[in-house]
Amino acid sequence: MIKKYISKVALLGVTVVNLFGMASCTAGFEEANRPGSSASAEELGRDNYTIGSFLVQMQNAVFPEQENDFQMDYDLIGNYLARYMTYTQNGWNGANFVTMNAPVNWVRYPFKSLTPKFTSAFNDIVRLCNGKKDLNYAWALILRAHGYLTMTDMYGPFPIGAVEGDENAYSSQKDIYTHLIADLDEALAILKTSVNGESFTANQNYDKVYGGKFAKWMRFANSLKLRMAIRMSGVDPATAKKVGEEAVAAGVIEDNDDNLAISYTPHGLYKTSVEWGDSRACADIESFMNGYEDPRIGKYFKEAAEHPSGFRPIIGCRAGAKIGNKSVAVPLYSAANVANATKGIWLTAAEMWFCRAEGALIGWQNMGEGNSVGSLYNKAIATSFKQWEAGDATSYINNSWSIQADYTDAQGGFGHYAPHVSNITVKWEDNVSIEQKMERLITQKWIALFPCGQEGWSELRRTGYPEVFAVDQTTAYSVKVPNRIPFADTEKTENATNLEKARQMLGGPDNYVTPMWWQKKWWQN
């Protein structure tokens, strides 16, 4: 596991919750909360330092639905670069992630503002555990793995504290993946000895996702492993196969009841899209879903407030369009179809079935459904339809004629017409090229991944699919979608030596174009 921040400092007099009589990190601190005692003002002031509060803090940071963190870390980056959403703010025309020239304070935000929230909470959990590796520690390892995976897949090399003697040193992306898989394995080994079946429950008051059902957290940990295995299948096929097959054998998320969806009111995308109006549907996903007559489109997006009779009701905006006026743009394009209390979605059963379909296509064994790629692919689509309550998926799965629609902008809108860039249909075909199989599989996976923009962006970078429209204004780069975001500008003065080493690890310039370590297509090796 990663050794960062493990402190041997004893914590005295802190109010800690003793959960359900379990042996845990909190053992020995029961006296502070004994029945009938009156907590002093000092003790009450220390309540924020309980393990339970730190576990909540970690969940809020690695699944950031709080509106400011969500916008800065996921909407402006993942959702926009995945081509799920795009901006209506005319003040962002000249500098943003889509046009690959975002303001430096945007670029540094995930590094400087989000990462410290989950790493500091993890450090305090380790400190309170005082060397014990129990259920709470294992849970924290899983949460931190998700957080670091997000950060490395934004920036590439990242400081995770794995370099002995220098916690600010960067690790290569390859080493980060190795460390995170080891952390997940350690967490799973701990939980295996603690979790006694599906009914086992603990920490209900602090679990915002699964209500203390740790069998579900184990499936999530295995699902993260499968997600990572697919990601590195082109660059480290032997390890990817081993990790992927192990994850499926141990049990990944298979049913929508186990989807990782977190409750946070207000919901991040509700604030950015519905309440603030900063984000609207992107033309890319709208043109695919309208072209396929995909019934999920009405589950994903609202009808545009202003659309002429006979014009399609759900309208996206071209990524990078020069918005003339936000107040004009907002009613012309479709908002996300979310409510204030809608759960934020971070990993689903549908994604896992698509991963298993690709695993079978690669040649991995025991992916399920008889290891038939087509059966697993169909299962993935059907699971997504069930997730969104979009009806029976049979006719959609068997659609062998519909393709992406041409894009026509809203009347009075700010983008430009674009002819379709993909001819791929929905129905699975075994007797086509591997390139066509991958385009079909990933296009459908990308649609089903909505609204998890971080993953949609990763699939675009890893595979080149789905085909997307060019950015709707001139940029400094030839790529349609950035491969990464640059390192935080503050590192130049605060961590210059390590920053230079990180740049060498990149294998290219510290810009938007240098690819991730895992951006290698397994089917072209």
Side-chain angles (χ1 to χ4, degrees), residues 67-68 70-107 109 268-290 297 300-308 311-338 405-419 421 450-451 453 456-457 460 468-477 479-482 485 512:
E67 56 262 38
N68 298 311
F70 179 85
Q71 182 171 57
M72 296 302 297
D73 297 302
Y74 285 88
D75 211 30
L76 296 177
I77 303 174
N79 282 343
Y80 289 12
L81 301 186
R83 301 295 184 88
Y84 291 156
M85 309 296 295
T86 193
Y87 59 86
T88 58
Q89 282 276 10
N90 46 284
W92 298 348
N93 282 330
N96 58 77
F97 288 110
V98 175
T99 54
M100 292 168 270
N101 59 349
V104 292
N105 61 311
W106 288 18
V107 173
Y109 196 98
L269 191 56
Y270 173 83
K271 294 292 286 190
T272 63
S273 185
V274 178
E275 186 170 310
W276 296 344
D278 289 346
S279 296
R280 284 295 184 264
C282 191
D284 296 274
I285 190 167
E286 179 255 293
S287 65
F288 272 105
M289 296 187 82
N290 272 323
I297 193 169
Y300 289 11
F301 304 109
K302 298 175 182 285
E303 292 187 6
E306 296 178 5
H307 61 87
F311 201 80
R312 68 188 190 281
I314 294 175
I315 307 171
C317 181
R318 286 283 299 276
K322 282 194 174 183
I323 304 299
N325 185 292
K326 178 184 175 181
S327 63
V328 174
V330 165
L332 294 179
Y333 302 107
S334 294
N337 189 7
V338 290
D406 296 340
Y407 173 76
T408 302
D409 196 19
Q411 291 189 18
F414 300 99
H416 296 90
Y417 167 83
V421 291
F450 180 88
W457 178 36
L460 270 168
V468 294
F469 300 129
V471 177
D472 199 39
Q473 60 177 290
T474 302
T475 69
Y477 303 103
V479 295
K480 295 180 180 179
V481 175
I485 64 174
Y512 289 90

Are the side chain of [X] and the backbone N or O of [Y] linked by a donor-acceptor pair below 3.5 Å?
X    : Y    : value
E275 : Y270 : no
D409 : G415 : yes
R83  : R318 : no
Y300 : Y84  : no
T88  : G277 : yes
S273 : L269 : no
R280 : G316 : no
N101 : N96  : yes

Nearest-0.5 Å distance that lies between atom [atom1] in [X] and atom [atom2] in [Y]:
X    : Y    : atom1 : atom2 : value
F450 : N79  : CZ    : CG    : 7.0 Å
Y109 : I485 : OH    : CD1   : 13.0 Å
I323 : T86  : CD1   : OG1   : 7.0 Å
L460 : D284 : CG    : CG    : 8.5 Å
F414 : N93  : CZ    : CG    : 9.0 Å
T408 : Y417 : OG1   : OH    : 6.0 Å

**OP:** Assess the pair Y80 and F97: is the distance between their ring centroids shorter than 6.0 Å?
**Re:**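 No.
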
Subject >> Heavy atoms from other residues, nucleotides or ligands near NE2 of H416 exceed 12 (cutoff 6.0 Å) >> reply: no

For residues [X] and [Y], determine if any side-chain heavy atom of one lies less than 4.5 Å from a side-chain heavy atom of the other.
X    : Y    : result
V274 : K302 : yes
Y512 : V107 : yes
C282 : V468 : no

**OP:** Examine the side chains of D75 and Q71 and answer whether a donor and an acceptor come within less than 3.5 Å of each other.
**Re:**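 No.
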
Subject >> Pairing residues for A281 by the side chain to side chain contact (heavy atoms under 4.5 Å, CB included) criterion, not counting sequence neighbours >> reply: F301, S334

Original post:
Where do L332 and I315 land on the side-chain contact (heavy atoms from CB on, under 4.5 Å) test, with the steps shown first?
Top reply: CA-CA 8 Å; L332 294 179; I315 307 171; over 6 Å; no

Can you name the nearest heavy-atom pair linking [X] to [Y], along with the distance?
X    : Y    : result
E286 : I297 : O-CD1, 4.2 Å
G320 : V471 : CA-CG1, 4.0 Å
E67  : T272 : O-CG2, 4.4 Å
A82  : G456 : CB-C, 3.8 Å

**OP:** Look at the aromatic rings of W106 and W92 and report parallel, tilted or perpendicular, splitting at 30° and 60°.
**Re:**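 Perpendicular, since the angle between the ring planes exceeds 60°.
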
**OP:** In plain terms, say whether D278 and K326 are close enough for a salt bridge, that is, a side-chain N and a carboxylate O under 4.0 Å apart.
**Re:**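 Looking at K326 together with D278, the answer is yes, because their closest N to O distance falls below 4.0 Å.
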
